[in-house]
Amino acid sequence: MLTCRYAEAVKHAALSVGVEAEIQWVHSADLEKGKGWDESRRQMEIIVPGGFPVSRGIEGKIQAARYARENKIPYLGLCWNAGDVCGIRT
């Protein structure tokens with residue numbers, strides 16, 4: 001599973017600087033239904049991996065990006081041109 005590779009990369013990066021990463025998975029489709037926000041609001045950063053089909057959970061991904069931007073939470077959107085969602089232009 002590709003998302004497991006992202007989690008492993010985060011764990012290894014954290015260990016390289018002497019900390020331990022604690023990962024909380026929240027499905028973007030749940031965010032669309034109003035579920036999972038309590039867990040999301042307790043996080044220090046948000047990573048949104050891409051997924052297929054692209055249309056599945058897209059509104060939840062956009063909501064997570066908006067929440068991170070509006071609350072100044074570090075955000076990493078992988079794939080599907082996440083910079084455009086956050087208003088970042090390169």
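Remember, it's a predicted structure, so these values are computed and weren't measured experimentally.
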For Ala64 and Leu31, work out which heavy atoms get closest and say how close. CB-CD1, 4.0 Å

Determine which pairs satisfy salt bridge (Lys or Arg N to Asp or Glu O under 4.0 Å) with at least one residue from residues 10-19, sequence neighbours left out, and list them in order. Glu8-Lys11

Same cluster (ILVMFWY, side-chain, under 4.5 Å), Val10 and Leu78: yes

Grab the two heavy atoms, one from Tyr75 and one from Lys61, that are nearest each other, plus how far apart they are. OH-O, 4.5 Å

Side chains of Val48 and Leu76, heavy atoms from C-beta outward: is any pair under 4.5 Å? no

In terms of heavy-atom contacts, does CD of Glu20 have more than 12 from other residues, nucleotides or ligands at under 6.0 Å? no

Quick one: side chain to side chain contact (heavy atoms under 4.5 Å, CB included) partners of Ile73, sequence neighbours excluded? Ile46, Tyr67, Ala68, Asn71

Kindly say whether Gly57 contributes a backbone atom to a donor-acceptor pair with the side chain of Ser28 at under 3.5 angstrom? yes

Exam field: side chain Glu59 to backbone Glu32, donor-acceptor pair closer than 3.5 Å: no

To the nearest 0.5 angstrom, please state how far the CH2 atom of Trp25 sits from the CG atom of Asp30. 13.5 Å

Glu22, CD: over 12 other non-hydrogen atoms inside 6.0 angstrom: no

